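Below is one structure, written out as structure tokens; the observations come after it.
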Amino acid sequence: NNLIGVPKMYQRRSARDESTSLHSPRRSNGTTATSSRQQFKQFDLGTASLCLLICLVLQIELLAYKLFISDSAGDDTPVVHGVQSILPRGNENKLITAVSSDNQQQKEVHLPQLDEEQDTHKELIPSKKPTKVIQPTSVDESLLLSYEPTKKLKKSRIKKARGETLNRLNFWKNYEPEKIEPPSNITDLPPEIAYVTTLTKCSTAHRASLDGAAVLLHSIRRNSYGWIPMHSQSSSSSVEFDQSLWPKYGGNGGRYRYRAYVIVDPTASPTLKGGHGDCARFLQNIGWTILHRPPLVPLFEVPSDETLTNHSATFDELIKAGFVGVQRPTTGDTARRPGEHPNKLRMILYNDGCCGDTELLKLHTYGLEGHELAVHLDFDSLILRPMDDLFDAMLRKQNDDKVANSLAVAKLPRSKPVDFSRPIDAAFTRDYNSVKNPRPDSPVGYQGGFLIVRPSQTVLERYRKILQRGEFNLNPRTGWGNKFGNFYGDATFQGILPYYYEDIAPPGEHNELELDRCIYNQMADNPRKSTHKFPRATPLDPEAMGYKDKNMCRDGRDDCSDTDCQRTDPKDSITAHFTFCKKPWDCSPGLPGTVALETCLGLLSEWYAVRRELEDWWLLPRIDPEKVTGVESNGLSYYNSQRSFYWNERTVDRVREKRRGSLQPDVYKGYCDATGSSGYLKMMGPDGLKK
């Protein structure tokens with residue numbers, strides 16, 4: 001009756017059956033014996049099935065455990081209960097504190113000593129007994145504040161990152177970067193400003209953002225030298241337009257010429273056949289100049305077998321550059337910490353911010369030395385009015401006092417004094433929304449969607465050196481040079497910029513300018529922290545919204561009413577950046593229920609108005625360049641004689657159909673049927689182009 005591994009209900013049933021069979025009279029025909037054998041046969045079959053099921057479950061659990069150990073083999077950083085441990089320098093054998101990502105559980109763990117030189121790809125063999133976990137009596141608060149919760153490095157992730165890096169590098173075996181055509185040096189023409197954006201991916205999911213690139217280019221065009229105001233161009237046309245739907249701001253040209261560039265990653269190159277190359281081909285055909293640029297330093301080392309074949313000079317330079325962190329110091333505050341995986345920094349860059357290490361392609365803006373100034377803007381940016389006064393200040397073309405009074409200069413705790421008697425080398429805004437612990441001395445990144453620089457190959461080479469040294473500290477995540485980190489995008493563009501200007505550059509060499517972020521790169525952000533875990537605009541009804549403002553400014557001051565961008569009227573801003581207000585091609589509702597709603601809707605409405613003017617400009621009748629008089633002699637941009645892109649009657653009909661959206665026509669100008677990306681009516685591509 002003692003059936004091992006069989007539930008009690010089956011044991012009781014077996015005993016009852018046996019008792020019944022012993023006390024029942026035995027029939028001569030053997031019916032009772034036959035029935036008993038059938039019952040035991042059924043019982044044995046059920047028992048065997050149950051045992052097989054238990055064995056199967058145990059096998060699955062064993063397989064899962066083996067997979068877990070295998071995945072952990074690529075990471076030599078100790079992990080206890082899924083939480084990465086912190087290894088302070090010199091305390092490898094001591095008890096340390098491991099903190100969960102939400103800081104709700106704190107445990108002390110005995111960790112074995114790690115040899116930094118050991119093979120990091122060996123499996124971590126668990127001890128026979130489980131690690132004992134002791135509840136601490138006290139917690140080191142400095143470790144809690146600096147803890148950087150990152151996922152374990154798995155072999156599959158490293159393999160994927162290596163593969164993508166190698167695919168990008170292989171492009172440069174037979175390709176050389178395009179050379180910049182120098183701007184015209186005619187003395188009676190104003191300087192030509194380089195406007196730059198970056199394309200790192202191209203797929204069906206990114207098609208709507210191409211509308212952003214088209215609208216951005218038109219906003220540059222209509223606020224630059226050579227633009228003829230739209231009402232003047234359309235006055236002689238037989239086509240009728242509703243001018244009330246055109247933009248409210250700018251559109252009268254400017255004092256500086258422009259040239260538009262898009263830096264393209266090899267995975268989105270127009271040389272690729274099919275969909276992956278369509279985005280760049282579209283941008284190229286509407287006026288952007290394509291620039292292929294290699295990484296300053298490869299993320300991973302180029303395999304030796306890839307260096308044996310014949311290849312381009314650019315590929316040779318990439319081989320010589322090594323990889324990120326190849327020259328990292330072995331001692332000092334910026335050396336790799338004990339227990340830190342050799343690939344940890346490279347994987348941090350690979351996953352950092354919006355676009356990973358490809359975000360560093362923006363640094364090639366410094367390489368456009370043929371231009372006196374270069375402006376980098378993201379696709380989701382918009383120029384509302386000319387930036388002529390800023391350009392004058394950077395190029396020293398105006399009186400010092402006049403420039404100082406006309407510019408919207410930031411006056412915040414980390415803002416440096418500007419010497420307007422010297423040319424300005426860089427103009428930027430800071431991203432105070434990414435600061436985790438606001439204090440006047442907290443490290444703050446530069447906002448990655450807006451940067452104006454004086455191009456310099458020397459500066460570009462210094463960035464290459466920074467990446468080769470790889471002095472980015474993790475655990476605690478104090479970032480570049482042990483000073484610039486622990487904020488969004490700290491490992492790539494938004495962190496490496498302040499590291500260079502405020503720590504690496506020779507003292508006094510550069511004259512940089514922090515701009516008022518409500519005027520330049522306006523994002524309608526709230527200057528105060530929120531009880532919500534993410535930055536949020538000030539709610540009109542805190543109880544209904546479930547969060548409210550804290551009595552704490554993001555820049556560390558007590559009063560930040562002078563940087564309340566969420567309440568800044570769009571007419572006062574010069575450029576906008578659609579981050580908090582969300583993307584126009586997602587038919588964003590703005591920020592309903594907050595004080596930022598009016599500002600966001602105003603900026604969104606202006607974006608749709610610029611799109612409307614662009615389409616109307618493309619609808620104007622063709623102009624034969626040979627019949628245009630005075631265009632080149634007066635220095636007007638050649639695009640005024642090539643404005644027509646919509647010429648097919650079917651295309652024209654489709655353009656008009658895509659203006660019949662029903663969602664708030666006064667804001668969305670007929671381009672939205674509903675909020676959300678599915679409600680957006682995409683632009684028609686120019687005739688003959690695929691989009």
Side-chain angles (χ1 to χ4, degrees), residues 184 188-190 192-193 195 211-260 282-289 382-388 571 574-575 584 605-649 651-659 669-671 683-689:
S184 173
D188 59 344
L189 292 180
E192 189 175 73
I193 307 298
Y195 287 87
D211 289 5
V215 172
L216 170 61
L217 178 57
H218 189 62
S219 73
I220 295 169
R221 178 189 296 124
R222 64 192 300 273
N223 289 294
S224 297
Y225 179 83
W227 171 255
I228 301 173
M230 190 62 183
H231 60 82
S232 298
Q233 296 191 55
S234 61
S235 60
S236 60
S237 172
S238 59
V239 182
E240 295 184 1
F241 299 109
D242 186 352
Q243 298 187 17
S244 65
L245 298 176
W246 289 348
K248 296 179 181 179
Y249 316 117
N252 294 314
R255 298 196 297 269
Y256 289 85
R257 293 181 296 158
Y258 84 94
R259 188 180 298 180
F282 171 78
L283 297 179
Q284 190 172 31
N285 282 281
I286 65 172
W288 291 94
T289 299
L382 185 72
I383 296 180
L384 303 173
R385 295 178 302 174
M387 293 188 282
D388 294 343
K571 69 179 177 59
I574 294 178
T575 73
S605 178
E606 192 70 3
W607 188 93
Y608 294 112
V610 174
R611 171 181 164 175
R612 181 78 177 212
E613 184 185 87
L614 170 60
E615 290 181 345
D616 287 348
W617 187 59
W618 282 353
L619 285 168
L620 287 173
R622 283 176 174 268
I623 295 179
D624 188 346
E626 296 181 358
K627 296 181 180 180
V628 176
T629 59
V631 173
E632 293 186 357
S633 61
N634 293 330
L636 298 181
S637 300
Y638 186 64
Y639 55 70
N640 282 322
S641 63
Q642 293 184 317
R643 60 190 175 200
S644 178
F645 288 85
Y646 293 146
W647 51 268
N648 186 288
E649 291 184 5
T651 303
V652 173
D653 291 340
R654 291 292 307 276
V655 170
R656 290 171 178 161
E657 288 175 6
K658 288 177 174 287
R659 294 177 169 181
K669 313 301 181 188
Y671 294 123
M683 290 179 64
M684 287 295 298
D687 287 322
L689 299 179

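What you see is a predicted model, and the numbers here were worked out from it, not measured in a lab. Along the sequence shown, residues carry numbers from 1.
- For the atom pair Arg257 CZ and Tyr225 OH, the distance stands at 8.5 Å (nearest 0.5 Å).
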Can you check side chain to side chain contact (heavy atoms under 4.5 Å, CB included) on Tyr671 and Arg612, steps first, answer last?
-> CA-CA 9 Å; Tyr671 294 123; Arg612 181 78 177 212; 3.4 Å; yes

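- Ring-plane geometry between Tyr195 and Tyr258 is classed as perpendicular, the angle between the planes exceeding 60 degrees on a 0 to 90 degree scale with a lower cut at 30.
- Scanning both residues, Ser232 and Ser235, for their nearest heavy atoms gives O-OG, 2.8 Å.
- Summarising the geometry, atom CG belonging to Asp211 is positioned 12.5 Å from atom CG belonging to Leu216; distances are rounded to the nearest 0.5 Å.
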Begin from the C-alpha positions of Met683 and Leu614 and carry the test side chain to side chain contact (heavy atoms under 4.5 Å, CB included) through to its verdict.
-> CA-CA 10 Å; Met683 290 179 64; Leu614 170 60; 3.8 Å; yes

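- Residues Pro686 and Phe282 approach most closely at CD-CE1, 3.5 Å, considering heavy atoms.
- Summarising the geometry, atom CD belonging to Gln284 is positioned 8.0 Å from atom OG1 belonging to Thr289; distances are rounded to the nearest 0.5 Å.
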Hey, mind stepping through Lys658 and Glu615 against salt bridge (Lys or Arg N to Asp or Glu O under 4.0 Å) and telling me if it holds?
-> CA-CA 11 Å; Lys658 288 177 174 287; Glu615 290 181 345; over 6 Å; no

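- Contact of the Leu619 side chain with the Asp616 side chain is registered, since non-hydrogen atoms from C-beta on lie closer than 4.5 Å.
- The aromatic rings of Tyr646 and Trp618 lie perpendicular to each other, with more than 60° between the two planes, well past the 30° mark.
- Contact record, Asn223 with Pro386: OD1-CD, 3.3 Å, taken as the closest heavy-atom pair.
- Judged by distance alone, the side chain of Asp687 and the main-chain N or O of Asn648 form a donor-acceptor pair under 3.5 Å.
- Relative ring orientation between His218 and Trp617 is described as tilted, the plane-to-plane angle lying within the 30° to 60° band.
- Closest of all the heavy-atom pairs between Ala260 and Leu217 is CB-CD1, 3.6 Å.
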Passes side chain to side chain contact (heavy atoms under 4.5 Å, CB included), Lys248 versus Lys571? Steps please.
-> CA-CA 8 Å; Lys248 296 179 181 179; Lys571 69 179 177 59; over 6 Å; no

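- You'll find the side chain of Ser234 reaches within 4.5 Å of the side chain of Trp246, heavy atoms only.
- Under the 4.5 Å side-chain criterion, counting only non-hydrogen atoms from C-beta, Arg611 is not in contact with Pro584.
- Looking at heavy atoms from C-beta onward, Pro247 lies in side-chain contact with Glu613 at the 4.5 angstrom threshold.
- Note: Ile574 CD1 to Ile383 CD1 = 10.5 Å, rounded to the nearest 0.5 Å.
- Rounding to the nearest 0.5 angstrom, the gap separating the CE atom in Met684 from the CZ atom in Arg656 is 13.0 Å.
- Although no hydrogens or angles enter the test, the distance criterion places a donor-acceptor pair under 3.5 Å between the side chain of Glu606 and the main chain of Tyr249.
- One finds the CD1 atom of Ile220 at 9.5 Å from the CG atom of Leu382 (value rounded to the nearest 0.5 Å).
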Please walk me through it: do Lys669 and Asp242 pass salt bridge (Lys or Arg N to Asp or Glu O under 4.0 Å)?
-> CA-CA 11 Å; Lys669 313 301 181 188; Asp242 186 352; over 6 Å; no

